[in-house]
Each structure stands twice: as C-alpha cells, then as structure tokens.
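Everything below concerns the one structure shown next.
Letters A, B, ... are given to chains in the order of the sequence lines, protein chains preceding strands, and every chain is numbered from 1. Computed from a prediction, not measured in an experiment: that's the story for all the values here.
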Protein chains: 2
Amino acid sequence: MKKKVTLKQIARELDVSIATVSKALRDSKEISEDTRDKVKAFAKLYHYRPNNIALSLKNRKTKTIGIIIPEIVHHFFSKVIKGIEEVANKKGYNVIIGLSNESFDKEVINMEMLANGSIDGFILSISKETMLQQDYHHFNETISQGMPIVMFDRIVNEIHCDKVIVDDLKGAKKAVIKLIENQCKHIAIITTKDYVNVGRLRTQGYIEALNDYDIESQSDLILKVDDKLMSEDYIDILEQEIMDLFHKNPEIDGVFAVNELYAITTMKVARKLGKQIPEQLQVIGFTDGVLSRHAMPSLTTVSQHGKKIGIVAAELLIEKLENEVEDEQVSTVVIETELIERESTK
Amino acid sequence: MKKKVTLKQIARELDVSIATVSKALRDSKEISEDTRDKVKAFAKLYHYRPNNIALSLKNRKTKTIGIIIPEIVHHFFSKVIKGIEEVANKKGYNVIIGLSNESFDKEVINMEMLANGSIDGFILSISKETMLQQDYHHFNETISQGMPIVMFDRIVNEIHCDKVIVDDLKGAKKAVIKLIENQCKHIAIITTKDYVNVGRLRTQGYIEALNDYDIESQSDLILKVDDKLMSEDYIDILEQEIMDLFHKNPEIDGVFAVNELYAITTMKVARKLGKQIPEQLQVIGFTDGVLSRHAMPSLTTVSQHGKKIGIVAAELLIEKLENEVEDEQVSTVVIETELIERESTK
DNA sequence: TACTAACACGAAAACGTTTATGTTGAGGAT
DNA sequence: ATCCTCAACATAAACGTTTTCGTGTTAGTA
C-alpha cells in the first residue's frame, strides 16, 4: 500500500526544495527545463496529484457546492440534482448532499455542518417543517457570513438570495384551461394544505383559470389533502378522500391534481368507480415523473423541468462564486412549465 | 457581512495565543477557568466554528464519504443513497456524490477528483461501460493508495474490497417459483443482455427455478433486451419486442421481468392484446419502486431493499475507516430479497 | 575590473487547526 | 537562599499547497 505522494516527498527524492517542485509542475519559467522535466517525470511515475484539502485551505475555496433537499427518493429532486451535478462538474465543482427529511432541525444541522468550510455555497429547497415554523435564521446567518445561497422550488421570499422557481400558478392555470377547453364542466382540484407554497399557488391558478372562463369555483370541488402524516396507510386515506369527493360530486368530469401521486390515485379511484378515462373523466397532474409516463392510461401533466431548474440554480450559484462582485443583487428566475399531453385527456 | 471568525482572531482580541484559545475551547485543564470562560463566551458570541478544511488537513481525514453511481434519477439508487446518508449522518460523516452516467471516463474522472483528499472512502456501483470494457485500474489504484472501497449491486468479483449485493439469483428464482406454483405453464422472462451482471444472474435464477420443477427452459421464451441504446423511442422498441414475443408465443401465461420498466411495459402490451391480469397473465418484476406500487394493477415484485443496501454499505465503510486495522480482510454481504405480492399475480 | 541582469533555485509565510514542547513566575519544601 | 513543582500560558511544528521575496551563480556590458 503506497500512500499518496506529496510535494515534500518528491522534493526529498530529487534533492530540491518543495517550492521548486511545485513551480516545476505548474510550468513556471522560473525553473530550468531540465529540472522541470525531471520533476514531471517523477511526479507522473508516482501518480502525484495535488491534495485537494490543502488547496482548499490555501485558496479559501473548496470548489464544492452543498445541496440541501428534503428528500432524495423523489423524481423531481433527483432531476434537479442531476442538473446541478452536470453544470457543477463541467465547471470543476463537486456536489455534496444533505437531506433534511422535511425536518427543521436536520436542515439546520446539515447546513451548519457544511457551512464550516466544507463548501463554497448552497443550493437548497426548504423543508416543510421550516415553512411551517417560519424560522429562517439559519439562512440569514449563512448569507451574512458571505456564503451565497440559491433556493429552488420551495423558496421563501423574505430571504435575500437568488431563487429559481416554477411558474406554479401559470402552470396550473394552463392545465385547468386545457380541461375547460376539452369541455369539462365540473373540474375538481386535489391539492395540499395552504402552508405548502406550491400547493397554494397551484390552487390559485386553478381558481383563476375558472374565473377567466366565468366559472365559479366551488369549495366542495377543492380537496385539500393533509400530507403531513406520511404514514403507511397514507395512500389508503388519500384514496378514501378522493372516493368521497366523487361520491359527493358525481358530476365531476375533470380533475387537476397538484402532484403525480394524487393524479395517479385519482385515476385508480376513477377506475374503481367505473369511470372511463379520458371519455368520462379527464385528469391532469403536476410534475413529470416516471409515474405519469408509464401509467395506464399515461398521464397528461404539467412538466416542471426539474433538470433545467438544477442547471439554472447551479449557474446562478457558480456565477456568484466566481465573480466576487460585491453586488448584493439577487435575481429570481422563473422556469416555464410545459403541458405534456398524454392519454388521460382528450 | 461578517466573515467567519477564526482562532487567530479570537486570540488577537483576547490577547492570548492561538493555542490557548484552542485549548480553552476543548476544555483543556491546562487553561485557567477564568481564561476558559472568557474564551468560550467570546467564541459563542461570534459563532465560532472550527474550520472543517483545516481539521481535515490536520487529521488527514475528511469525514466524508464519496458515492459514485451511474444515475441518480433512479428509484433504486436514490434509495441506496438515502440509506448511506442516514448512517453517515449519524456517525458525523458527509456524503459527496459523483455521477458516472454509465460512462467509463466519467467514472474515472469522478473518482480521481474525489480521491485526492476530498474523501476518506468510496461507496460505488459500476457503470455499464466499465463492466463492458472490464478496465478496473481505477479501483485497484484507489485501493492500493489505502482508500477503502465498498461496492454494491453492480460489483466486480476481481476487485479486493467489501461488497454488498442482492441475491439476484435466489430472488429471481423465488419469483419464478411463485409463478409456477400459481399454475403458470408457459413462463417467459424479459431480461437484459448477459454483460449486465444482474441480468445474467436473474436469468440464471429463472432457468434454475424451471429446472427445479422439471420444466425445460425454451430459448424463445427468453427475451434479452439490449438496453445500451437509451434513445427517445427506447420504450417503443421495447414494447415492440415484447409484442413480438407474445405474438410468437401466445401461450405465455406468466412473465418475469428483471426490472420495473420491463414489467410495466409487459403489462401495457398485455392490455393492448386484451389479456387480463392476473387472470390470463401473471407478471412479476424486480426492484420495488414507485412504478410497481402505483401501477394498475399494482405489480408483484422482488424487492431489493435499496435502503438496506445503503445502510450496510455505509456501515462496512465506516467500520473500515474508523478501525485502522491493517486487516486486508474483505467481506461480501448479501441482502435478501423479498417477494412483495400485489395484484399482478393470483 | 566592476557592475548589472538574467537565471535557477531556496526560504518562508500563509491558509486554520491541534498538540508536543518549551517558558515563566509563584509558592512550598529543605 | 536554593531547589523543585506546578499552574498557566506561549512557541513551534505539522498537515500540503502556492507564492512572494530573497540569494547565489553566471554571463554580459561598459
């Protein structure tokens, strides 16, 4: 087991100083061609690679991006990571991941763990608990220490940082308009409680779309599911609630669901009730994941372009990192959604 | 913007030496209670946190684990990551991720990038291209430099390192036996080309199960899909191949697919052909992802326990890291699969 | 001959820690 | 008065780099 070779060892072997070795390897013209070649040959032979940690310490930058997300087993988030990773890698950055598991405490701990020199900046999406508690001190502290943050998807407006979001409202509106134009007369929405930002915005888009077409929104067509309890029989409860919705409102002929799972479950319930999709019931979901693509019938959905979000977020962050401009300027980029039509609509 | 405070600054402010500050914070009894309190108060006030990079350099360990996987937008891999992260976090480790995108070159580059001091050890699953090229020099080099590696799922036996695998053969066998005992008389398998380890093993399990029940395996019931081309119309091609399989062998009444996607696609084709599931055709997949759970009908599947794999892998690695025992002992842990019965079988 | 310039290299500082090894002064023992 | 001990702190080395600032040698110039 040959340990990693360092400048010092090379220097000792070749009987020159550490400085000379370093300069030779970096092609400094201060060093004679002779010595340069000798050093390089030796370095190559022993697979010398500069120690990253030492470099980080010296340069006061780690070339590493920290990502904090609530959950990784999740199509949208992993798409975002993929986007981030792609950009980061291209620019010579590494990506280090912390999971909050939707917990405030874990979010804080993870951020503190990474903020102590391990990374140059954060890309993150806020946990539900944090949204609920509205305690944002950890973000402000990080920023005030000069470490840039880029928030995506689940953001909080009060924080002064770059943001990348989806046009949730507009996306939802597009979906509902599609249903309206497809002759749906009684459109329901399956959404989350209002404290979830995206749920609220999408619900708003739903209402606006109806209003635009002079349809009055009925509160009994709006099902707000509590997604706090992520219990085992969560799906069963969800299914039951949707079942109730249909029983109470048998006239429903269109459903807009604010995520894939709600949409799929809606289709499952519809099938149990013997409703044909899309003939008797049309369904549109949000988030274009595997479920939508491979469901039967495949699901018409509002795609969020997760990877694009990751790409933009990474670009924003790296831009901030590389140009040490003291501009406290922040920007919010909105990634347009796209309606992907499949078999669950006419 | 107040920059991060260091020992040096505290020392200067309090007019003591850096060493005194360091010792005071670490509760060294060498320092008078008086000074200790003063230092601690000051440190607390200014949110002093030791710089991770400096510590890493000093201790020659980073408390960070490197993960290299072929793809992150993938249920199985993200489950594994979740498991790793859980253990790592509990033991004070961070997790840094590199994606190979199934490419040999990216795998090598990523490993080199991380091996230069950024991490203490690797947990990885090999890219398809690497399996194909059978060039494993980067693994051997890493190991010979004293950096431990734990491989999971897609492993290569020649490498001397800890491994965590799934009992692919046995899992497949269990599935096929289930089909046999459910009275299927003509069982097909949809698998990958043989160079994919797991595909080969699962195929072998299929054959062994049949043999155990004195059924001769027919080559025309074994569909080996080429999954190299990940093109846009990949799914269409897959669908066509499965369609052909059914056309040529209309007697098929059971299908074992080596992954979720193949299984779902099989069900889609079956539906197009008007076959009732599970009455006329029973289907079992491998890998318990969202697709299996939420498909209609939901899919009976062989669960790989991805998270468990991650947990075990992380435990093995950290064990190696913390106990600097020079035991070149390596172990291979097999995680048992589990057959999860759902609606696609009787 | 004396001065200068170019060349090729070394010494040292710096990044932020921890820790082994001094150093100093006070107090107690002889 | 001398020696020793101990408390309480400082110094310095080390981790592995990069880079600034010397410094000695050689060759060229006036």
Side-chain angles (χ1 to χ4, degrees), chain A residues 3-40 42-43 46-64 92 114-120 145-147, chain B residues 3-40 42-43 46-64 113-120 145-147:
Chain A
K3 276 276 170 196
K4 298 237 65 173
V5 54
T6 70
L7 288 185
K8 192 193 281 196
Q9 293 167 39
I10 300 183
R12 200 185 312 133
E13 291 292 323
L14 298 183
D15 210 34
V16 292
S17 77
I18 296 180
T20 302
V21 178
S22 174
K23 288 174 188 165
L25 290 175
R26 325 201 97 249
D27 274 325
S28 159
K29 42 165 57 173
E30 236 180 286
I31 306 299
S32 71
E33 205 171 331
D34 216 45
T35 319
R36 239 187 297 165
D37 291 348
K38 216 165 27 176
V39 170
K40 283 192 177 180
F42 194 93
Y46 284 90
H47 296 106
Y48 170 77
R49 294 278 181 286
N51 180 306
N52 251 326
I53 295 291
L55 285 180
S56 296
L57 185 58
K58 178 121 237 301
N59 303 329
R60 263 97 91 43
K61 48 178 69 174
T62 60
K63 285 261 175 182
T64 303
L114 296 183
N116 301 320
S118 300
I119 62 160
D120 296 338
Q145 282 181 351
M147 179 165 295
Chain B
K3 275 278 167 200
K4 299 237 64 174
V5 54
T6 69
L7 287 185
K8 191 193 281 194
Q9 293 167 39
I10 300 182
R12 201 186 309 134
E13 291 292 323
L14 297 183
D15 211 35
V16 292
S17 77
I18 297 180
T20 303
V21 178
S22 174
K23 288 176 187 162
L25 291 175
R26 325 199 99 250
D27 275 325
S28 158
K29 42 164 60 172
E30 234 179 285
I31 307 298
S32 72
E33 205 171 331
D34 216 43
T35 318
R36 240 188 295 165
D37 291 347
K38 219 165 24 176
V39 170
K40 284 192 175 179
F42 194 94
Y46 285 91
H47 296 107
Y48 169 77
R49 293 279 181 286
N51 180 306
N52 251 327
I53 296 293
L55 284 180
S56 296
L57 184 59
K58 177 122 239 299
N59 303 331
R60 268 102 139 289
K61 50 178 67 175
T62 61
K63 284 254 170 191
T64 303
M113 193 152 168
L114 295 183
N116 301 320
S118 301
I119 61 160
D120 296 339
Q145 282 181 351
M147 179 166 296

*Among D:dG16, D:dT19, C:dT17, find the nucleotide with the atom closest to the side chain of B:Ala54.*
C:dT17

*asked:* Let's see if you can work this out: which of D:dT17, D:dA10, C:dG10 has an atom nearest to the side-chain heavy atoms of A:Leu55?
replied: D:dT17

*Do you know which two heavy atoms are closest between A:Ser118 and B:Asn52, and how far apart they sit?*
OG-ND2, 3.1 Å

*Candidates C:dT21, C:dT18, C:dG16 - which lies nearest the side chain of B:Lys23*: C:dT21

*State which of D:dT18, D:dC9, C:dT18 makes the closest approach to the side chain of B:Ile31.*
D:dC9

_Options C:dT17, C:dG10, D:dT18, nucleotide nearest the side-chain atoms of A:Ser17_ = C:dG10

_As a test of reading the structure: which of C:dT17, C:dT21, C:dG16 is closest to the side chain of B:Glu30, going by heavy atoms?_
C:dT21

*Separation of B:Asn51 atom CG from C:dA14 atom P, in whole Å?*
17 Å

_Candidates C:dA11, D:dG16, C:dT19 - which lies nearest the side chain of A:Ala19_ = C:dA11

*Across the strands shown, which category fits A:Arg49 at heavy-atom distances under 4.0 angstrom: base, sugar-phosphate, nothing?*
sugar-phosphate

*asked:* The criterion is salt bridge (charged side-chain N to carboxylate O under 4.0 Å, His left out); which residues satisfy it with B:Lys38, sequence neighbours excluded?
replied: none

_OG1 on B:Thr62 to CG on B:Leu55, rounded to 0.5 Å_ = 11.5 Å

*asked:* The side chain of B:Lys58 is closest to which nucleotide in this list: D:dA14, D:dT18, D:dC9?
replied: D:dA14

_Categorize B:Thr35 for me: base, sugar-phosphate, or nothing, with a 4.0 angstrom heavy-atom threshold over every strand shown._
sugar-phosphate

_Quick check on DNA chain C: between B:Thr6 and A:Val21, whose nearest nucleotide comes earlier from the 5' end?_
A:Val21

